[in-house]
Student: 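I'd like to ask some things about the structure below.
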Amino acid sequence: MADLRGGLIGCGFFAINQLHGWADAEGAAIVAICDRDPARLKIVGDQFGIERRYADAKAMLEAEELDFVDIATTVESHRALVELTTGYRLPTICQKPFAPTLADGKAMVSAAREAGVPLMVHENFRWQSPIRAVKAILDSGEIGTPFFGRVSFRSGYDVYAGQPYLAKVKRFIVDDLGVHVLDVARYLFGEVASLNARTTRVNPDIAGEDTATILLDHENGVTSVVDCSYSSKRPVEQFPETVLEIDGSEGSVRLEQGYRLVVRGKSGNVDKDISPPVLPWASKPWHNVQESVAAIQQHWVDCLKEGAMPATSGDDNLKTFALVEATYAAAASRQPVMPASLLWRQSGCTHPQQLPTAG
Ligand code: NAD
Ligand code: 89V
């Protein structure tokens, strides 16, 4: 089968990783790019040898014969672009955060469903190989039934240098990073019945919160803590690692700083380095994120070829998004909150967008 032909919208900071990932992907290639900033279009087009360049997304969709579109712009443009691409019946990938509001996210999922095309959110953290290794241990039953988990991302890295818009947003760490860490908690421990949360701003030079501590009750009885910080001055900086601690009825598993996997399980103890590969185009410390970008994009190609729904479909990501919203609500009210995704299900909806006022 010929390579699937992709068009990429948004040639900014992170799109470079996506374009490297596409260059590595088996079965797909990016044949056209779009950015409203001519400087970015030239830099990125020249770097990746892509000659077909557009300042306007609609112009690209009109002119090109595409099999899918990858949207790598920031969140405020996501709804309009997803509605545009799905209007052309094009399978679409959208970067995280998926949408500005849950209502927007539900509308985007509806647009894709009505068009009959797959929609995947580029929620890549669960595609990091160390996190997948821990998931495989849980699924194998090696530590029995998990009852406690901690999913933690604490850093003092200057994330604002590469992504200056992050210093200006009123909702920062939960929207931008917490969405990844909450998605990992869902991936490892399943859906959430209720949560409570506290957020603070430590850095006086930014507009939004830069720490969050979230206590989650999972439906299967696991209690987990999700904590994130961009104001943690640690002896050894761990950006952008997520560390894990999980206790089960018959053992425990840890993913410690430096990608050290420590397991006490039914079949004995393990203590080993499971560092992700540094892909030829990648650079430390971003290599774990870069590896996950290549993996999720290959997953998309494989799903498109097989007619399968991607793991982080728009539908799936609305459940993670509901945890983000519940976190802000709990932090504001200082009360436990039931995520909207649970309310949708309790109302008998098979798809969250069937309940337009929820969330
Ligand atoms: P950026 O501002 O550097 O790049 C966005 C680009 O999109 C800009 O060049 C801008 O001109 C272009 N653009 C915006 N709206 C457009 C439109 N309507 N049509 C054409 N071009 C348009 O942003 P970034 O830092 O690259 O982030 C992009 C997205 O990627 C964000 O949503 C961010 O949260 C996400 N991100 C994800 C990860 C991850 O690990 N998944 C990491 C970093 C960033
Ligand atoms: O996802 C993001 O936008 C990035 C990072 C991976 C560092 O969290 O900010």
Side-chain angles (χ1 to χ4, degrees), residues 123 125-155 173-174 177-200 211-229 232 234 238 240-274 288 311 316 319-331 334-339 341-342 345:
E123 179 41 78
F125 268 37
R126 61 162 87 175
W127 285 93
Q128 294 173 26
S129 56
I131 291 173
R132 294 184 92 73
V134 170
K135 169 78 165 148
I137 291 166
L138 298 186
D139 290 349
S140 74
E142 179 67 13
I143 68 160
T145 305
F147 62 86
F148 169 81
R150 178 172 174 225
V151 187
S152 174
F153 185 113
R154 309 194 76 78
S155 169
I173 202 166
V174 182
L177 174 73
V179 69
H180 289 304
V181 189
L182 287 164
D183 191 69
V184 171
R186 272 190 64 230
Y187 173 64
L188 295 175
F189 311 123
E191 301 307 338
V192 173
S194 73
L195 62 78
N196 208 336
R198 298 290 182 267
T199 60
T200 51
T211 81
T213 309
I214 310 162
L215 176 68
L216 303 106
D217 292 314
H218 293 264
E219 291 182 344
N220 57 5
V222 173
T223 303
S224 77
V225 177
V226 163
D227 58 286
C228 334
S229 165
S232 296
R234 305 170 66 89
Q238 71 177 34
E241 283 185 57
T242 304
V243 299
L244 304 172
E245 291 179 40
I246 304 164
D247 291 346
S249 55
E250 300 186 52
S252 63
V253 53
R254 303 282 183 269
L255 179 61
E256 298 186 349
Q257 183 166 358
Y259 306 104
R260 187 163 148 235
L261 178 74
V262 184
V263 186
R264 174 179 165 177
K266 289 179 192 167
S267 52
N269 296 346
V270 172
D271 186 338
K272 66 176 179 187
D273 182 344
I274 56 165
N288 66 331
D316 179 82
K319 294 179 198 150
T320 296
F321 198 159
L323 300 185
V324 169
E325 293 294 318
T327 297
Y328 282 115
R334 301 181 84 79
Q335 299 286 330
V337 171
M338 197 184 277
S341 48
L342 189 65
R345 211 178 59 217

Student: Examine distances only and state if a side-chain atom of Lys266 and a backbone atom of Glu250 form a donor-acceptor pair shorter than 3.5 Å.
Tutor: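 No: the side chain of Lys266 does not pair with the backbone of Glu250.
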Student: To check you understand the geometry: which heavy-atom pair defines the closest contact between Glu142 and Ser267, and what is its length?
Tutor: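 That closest heavy-atom pairing would be OE2-OG, 2.7 Å.
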Student: Between Cys228 and Gly178, what is the shortest heavy-atom contact and its length?
Tutor: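 Scanning both residues completely, I find the closest heavy atoms to be SG-CA, 3.9 Å.
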Student: To the nearest 0.5 angstrom, please state how far the CD atom of Gln238 sits from the OG atom of Ser232.
Tutor: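 These two atoms lie 8.5 Å from each other.
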Student: Could you state the interatomic distance from CG (Leu138) to CD1 (Ile246), rounded to the nearest 0.5 Å?
Tutor: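 Going from the CG atom of Leu138 to the CD1 atom of Ile246 covers 4.5 Å.
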Student: Passes side-chain contact (heavy atoms from CB on, under 4.5 Å), Leu255 versus Ile274? Steps please.
Tutor: CA-CA 9 Å; Leu255 179 61; Ile274 56 165; 3.8 Å; yes
Student: For atom CZ of Arg132, is the number of surrounding heavy atoms from other residues, nucleotides or ligands below 6.0 Å larger than 12?
Tutor: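 Enclosed.
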Student: Can you tell which of Leu215, Ile214, Leu216 makes a side-chain contact (heavy atoms from CB on, under 4.5 Å) with Ser224?
Tutor: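 Testing each of Leu215, Ile214, Leu216 against Ser224, the sole residue satisfying side-chain contact (heavy atoms from CB on, under 4.5 Å) is Leu216.
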Student: When you look at Arg254 and Asp247, which way does the side-chain contact (heavy atoms from CB on, under 4.5 Å) test go after all the steps?
Tutor: CA-CA 9 Å; Arg254 303 282 183 269; Asp247 291 346; 3.0 Å; yes
Student: Give me each pair satisfying ring-ring contact (aromatic ring centres under 6.0 Å, His included) with a member in residues 132-152, each pair once, sequence neighbours excluded.
Tutor: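 Not a single pair qualifies under ring-ring contact (aromatic ring centres under 6.0 Å, His included).
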Student: Mind listing the closest non-hydrogen atom pair of Ala212 and Thr199 along with its distance?
Tutor: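 Reported closest heavy-atom pair: CB-CG2, 3.9 Å.
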Student: If you count the non-hydrogen atoms of other residues, nucleotides and ligands that lie under 6.0 Å from NZ in Lys272, is the total more than 12?
Tutor: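 Count not over threshold, so no.
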Student: With a 3.5 Å distance limit and no angle check, can you tell me whether Gln257 reaches the backbone of Val243 through a side-chain donor-acceptor pair?
Tutor: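 Side chain of Gln257 to backbone of Val243: no pair is present.
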Student: I'd like to know if the side chain of Lys319 reaches the main chain of Glu191, judged simply by a donor and an acceptor atom lying under 3.5 Å from each other, with no hydrogens or angles considered.
Tutor: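 Judged by distance alone, no pair lies under 3.5 Å.
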Student: Shortest non-hydrogen contact from Val226 to Ala185?
Tutor: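 Shortest heavy-atom separation between Val226 and Ala185 comes out as CG2-CB, 3.7 Å.
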Student: With rounding to the nearest 0.5 angstrom, report the CG to OG1 distance, Leu177 to Thr242.
Tutor: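 Here the interatomic distance stands at 7.0 Å.
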Student: How long is the gap from OG on Ser252 to CG on Leu244, to the nearest 0.5 Å?
Tutor: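 Interatomic distance, Ser252 OG to Leu244 CG, rounded to 0.5 Å: 12.5 Å.
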Student: Where do Pro339 and Ser194 come nearest, in terms of heavy atoms and distance?
Tutor: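 Of all heavy-atom pairs spanning Pro339 and Ser194, the closest is CD-CA, 4.0 Å.
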Student: Are Val337 and Glu325 close enough, and set up right, to give a side-chain contact (heavy atoms from CB on, under 4.5 Å), and what steps lead you there?
Tutor: CA-CA 10 Å; Val337 171; Glu325 293 294 318; over 6 Å; no
Student: If you round to the nearest 0.5 Å, how far is CD1 of Ile131 from OH of Tyr259?
Tutor: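 Rounded to the nearest 0.5 Å, the OH-CD1 separation comes out at 9.0 Å.
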Student: Taking the inter-plane angle between the rings of His180 and Phe125 on a 0 to 90° scale, is it parallel (under 30°), tilted (30 to 60°) or perpendicular (over 60°)?
Tutor: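 Aromatic pair His180/Phe125 classed parallel.
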Student: Determine the minimum heavy-atom distance between Leu323 and Leu195, stating which atoms define it.
Tutor: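 Answer, listing the atom of Leu323 first, then Leu195: O-CD2, 3.9 Å.
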Student: May I ask you to test the Val253-Leu261 pair for a side-chain heavy-atom distance under 4.5 Å?
Tutor: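 Sidechains of Leu261 and Val253: in contact.
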Student: Go through it in stages, so that I can follow the logic: the residues are Asp183 and Asp316, the test is side-chain contact (heavy atoms from CB on, under 4.5 Å), and I'd like the CA-CA distance, side-chain angles, deciding distance and then a yes or no.
Tutor: CA-CA 10 Å; Asp183 191 69; Asp316 179 82; 4.2 Å; yes
Student: Spell out, as yes or no, whether a donor-acceptor pair under 3.5 Å connects the side chain of Ser249 to the backbone of Thr145.
Tutor: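 Yes; at least one donor-acceptor contact below 3.5 Å.
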Student: For Glu123 and Arg186, what are the C-alpha separation, side-chain angles and deciding distance, and is it a salt bridge (Lys or Arg N to Asp or Glu O under 4.0 Å)?
Tutor: CA-CA 12 Å; Glu123 179 41 78; Arg186 272 190 64 230; over 6 Å; no
Student: To the nearest 0.5 Å, what is the distance between CG (Leu188) and CZ (Arg126)?
Tutor: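 One gets 9.5 Å once the value is rounded to the nearest 0.5 Å.
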